[in-house]
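Written below as structure tokens is the structure these notes are about.
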Amino acid sequence: MSDADNDLVVFPGAFDLDVALQADSNLTLQAELHQQKKPFVILDDHDQSLRNSGCLLIESGNRLQLLQPDQVWVSQAGKGYGKFVNELPDGPVRDSLAGFPPLRALTEIGRGIIETGSLAALDELQKTVVRGSFVVLRSDAGQVSLASIQRLRGYDRAFETVKGSLRSMAGPHHGLETVFGALFPNVEQYQAKPTIHFGKLEPASEAATEIIRTFIAVARKNEAGVIADIDTEFLHDYRVSLRRVRSVLSLFKGVFSDQETAELKRIFSDLMSPTGRLRDLDVYLLERESYFKLVPPSLHAGLGKMFDQFETERAREQKKLSRRFRSASYDQSMKELAAQFDDPTRLEFGQNADLGAYKYACSLIWKRYRKVCKLARSIDPETPDEAVHELRIHCKKLRYLMEFFAQLFDAKAFKTIIKPLKRLQDNLGAFNDCSVQQDALLAFAVQQSSSSGQVDANLGLSVGGLIAILNQRQQAERERVVSNFQHFDSPDIRELFRILFQTPGD
């Protein structure tokens, strides 16, 4: 059935059937409720991926109902709250969510009461010419109705009449955003990298404080998800937000005074420090399946022991971090930190504070770009790993700078140069992961050794085999670094960087 054979209309509030078809007196619309009122929960991930893709997922009782962008409802038995899509029972909803982010779990966006029923449009001979269904959703904030109609063969005119009448009655706003606006008006759409608005002539100090203020807020929006342990991406986003703040403090040289910069770096480092071990364990556990695929079955027993210990340690670290996030002292310190950046008079600025944001951005990005190119061009098979790691750090800093100031430059040109930089970063990230994991696995094996230095045979063989494979992967990634940098360093990309960021005198 094509999209043209269906139509969905969203009504803010309830809709009045008595006036729905006043445009055509030869048709009448009948509605019949199918069941009693039931509680419902709207599910999505923290990023609201379903909402952004035009989908609506409702859990009610032991049933999941998914409204898709093509206006088709699918449903299946099962519960979704707190689950990853691959944990859902087999069925059409799970199949339809195949593209859902694999590292994000379904969580609650809002809840209320649901009623469902059927619709039918009848002609003057009481013959059904259009079929449909409706859902009424009610929350503490309001209510909304979703009416879906289906074209029947031979009754095209009746279908168009009913569609036109329902849309006319619903008004100009009949899309899915009406659902969220009516039921959950205070639910904000989370953005891990929100757009930060400032002008070209705005002082660098104001740009810096706005960026830091924004990402402190983003970090705080992830705390509840870390405490509830919904999925590992909450902690990841928390850490990335604070890392962006720290990058501002290190890259925006001269915007804050030396003393202020040193103190703020210490504060944000102290915030990051308690999260490091939990994030490391999350990464290892996320890689569990791939680790088992890397080594032969004969070595699986040792890996099983290792991951059992990782699971135990992770549970301890998660509880420890949750207690920290729930503490009054942590909450108060974060509030004071946010207030400090809300009131610039509480900050001590440096000699570059009054430079215009655009000119300052060009200078920072151009210098960082040249540093990346100089270092990358020296990479060869004999280059020490430390130099490759240093390149990764400089690429990350360049990417952060470009994203901070993206709104000040041509969007199309920016997209052109960001794409190869992302590819190079992914490559460098994989190289770094292989290196870090080898060191961590070796340290784990040493930690597990007895006082005489002996390691459990199964564990030692498994860890040793895994380290060998990761080392091979790391060398392969090194070769890709050179290849991907050549694309990033192409004449067209170099020219775009010069046009966008080089200023006279550079």
Side-chain angles (χ1 to χ4, degrees), residues 1 3 5-21 27-44 50-51 54-81 83 88-89 91-97 106 108-122 128-152 159 162-163 165-167 169-171 173-184 187:
M1 185 175 290
D3 294 353
D5 293 327
N6 297 279
D7 193 61
L8 176 77
V9 181
V10 181
F11 299 84
F15 59 92
D16 187 352
L17 293 176
D18 293 334
V19 300
L21 294 181
L27 297 177
T28 57
L29 193 61
Q30 294 183 349
E32 179 183 358
L33 286 172
H34 287 167
Q35 58 190 37
Q36 61 183 6
K37 301 174 183 178
K38 290 186 176 181
F40 79 87
V41 176
I42 289 182
L43 299 176
D44 207 335
L50 293 177
R51 178 180 180 178
C55 294
L56 181 70
L57 179 60
I58 299 173
E59 178 183 313
S60 182
N62 191 39
R63 192 130 202 106
L64 296 169
Q65 300 180 69
L66 175 69
L67 177 61
Q68 302 176 95
D70 60 4
Q71 303 181 357
V72 172
W73 286 93
V74 294
S75 66
Q76 69 172 69
K79 292 183 177 293
Y81 177 75
K83 296 182 181 295
L88 298 178
V93 172
R94 173 174 169 161
D95 292 343
S96 298
L97 295 177
L106 293 166
E108 179 183 322
I109 300 298
R111 59 175 55 223
I113 300 296
I114 184 173
E115 292 181 275
T116 62
S118 61
L119 294 173
L122 283 66
T128 300
V129 293
V130 179
R131 294 190 185 279
S133 61
F134 69 92
V135 173
V136 180
L137 303 171
R138 295 183 176 87
S139 71
D140 291 339
Q143 65 178 347
V144 66
S145 303
L146 292 79
S148 177
I149 58 172
Q150 176 185 337
R151 185 192 304 270
L152 298 182
F159 176 82
V162 174
K163 181 174 76 171
S165 296
L166 291 176
R167 290 199 171 198
M169 185 180 62
H173 306 294
H174 55 262
L176 278 183
E177 274 306 304
T178 303
V179 174
F180 296 93
L183 299 180
F184 315 113
V187 173

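Side-chain atoms are counted along with the backbone in the values below, which use heavy atoms only and exclude waters and symmetry mates.
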CZ (Arg167) and CG (Leu8) are apart, to the nearest 0.5 Å, by 8.5 Å

- Mind running side-chain contact (heavy atoms from CB on, under 4.5 Å) on Thr116 and Phe40 for me, showing each step along the way? CA-CA 12 Å; Thr116 62; Phe40 79 87; over 6 Å; no

Checklist entry - Under 3.5 Å, is there a donor-acceptor pair between the side chain of Arg94 and the main chain of Leu88? => result yes

Which of Leu50, Leu106, Val187 passes side-chain contact (heavy atoms from CB on, under 4.5 Å) with Asp44? It is Leu50

Side chain to side chain contact (heavy atoms under 4.5 Å, CB included) filter on Gln143, not counting sequence neighbours, yields Ala14, Val136, Arg138

So OG of Ser60 and NZ of Lys37: to nearest 0.5 Å the spacing works out to 13.5 Å

Taking every heavy atom of Ile114 against every heavy atom of Pro39, the minimum-distance pair comes out as CG2-O, 4.2 Å

For Asn62, the side chain to side chain contact (heavy atoms under 4.5 Å, CB included) test, sequence neighbours excluded, returns Ala77, Lys79

Sorted by chain and residue number, the side chain to side chain contact (heavy atoms under 4.5 Å, CB included) partners of Ser139 (sequence neighbours excluded) come out as Ala141, Leu183, Phe184

Taken in chain and number order and not counting sequence neighbours, the residues that satisfy side chain to side chain donor-acceptor pair (under 3.5 Å) with Ser148 are none

Residues Val144 and Ala182: closest non-hydrogen pair is CB-CB, 4.2 Å

Of all heavy-atom pairs linking Gly54 and Leu176, the shortest is O-CD1, 3.2 Å

By side chain to side chain contact (heavy atoms under 4.5 Å, CB included), Thr128 pairs with (sequence neighbours left out) Ala120, Leu122, Arg131, Leu152

Open item on the list: In the structure I gave you, are the side-chain heavy atoms of Val74 and Asp95 within less than 4.5 Å of one another anywhere?
Closed with: no

Scanning both residues in full, the closest heavy-atom pair of Pro89 with Gly78 reads CG-CA, 4.2 Å

Stepwise side-chain contact (heavy atoms from CB on, under 4.5 Å) test for Leu56 and Leu146:
CA-CA 11 Å; Leu56 181 70; Leu146 292 79; 4.1 Å; yes

The reported gap from CZ in Phe134 to CD in Glu115 (rounded to nearest 0.5 angstrom) is 7.5 Å

- Message: In the structure I gave you, are the side-chain heavy atoms of Leu43 and Leu64 within less than 4.5 Å of one another anywhere?
- Response: yes

- Task: Please answer whether the main-chain N or O of Tyr81 pairs with a side-chain N or O of Glu59 as donor and acceptor at a distance below 3.5 Å.
- Result: yes

CZ of Arg51 to CG of Leu57, rounded to nearest 0.5 Å, is 14.5 Å

Tightest non-hydrogen contact, residues Ala147 and Phe11, listed as CB-CE1, 3.7 Å

Under 4.5 Å between any side-chain heavy atoms of Asp7 and Leu166, yes or no?
-> no

For Gln76, the side chain to side chain donor-acceptor pair (under 3.5 Å) test, sequence neighbours excluded, returns none

Close side-chain approach of Ser75 to Pro92, heavy-atom, < 4.5 Å:
no

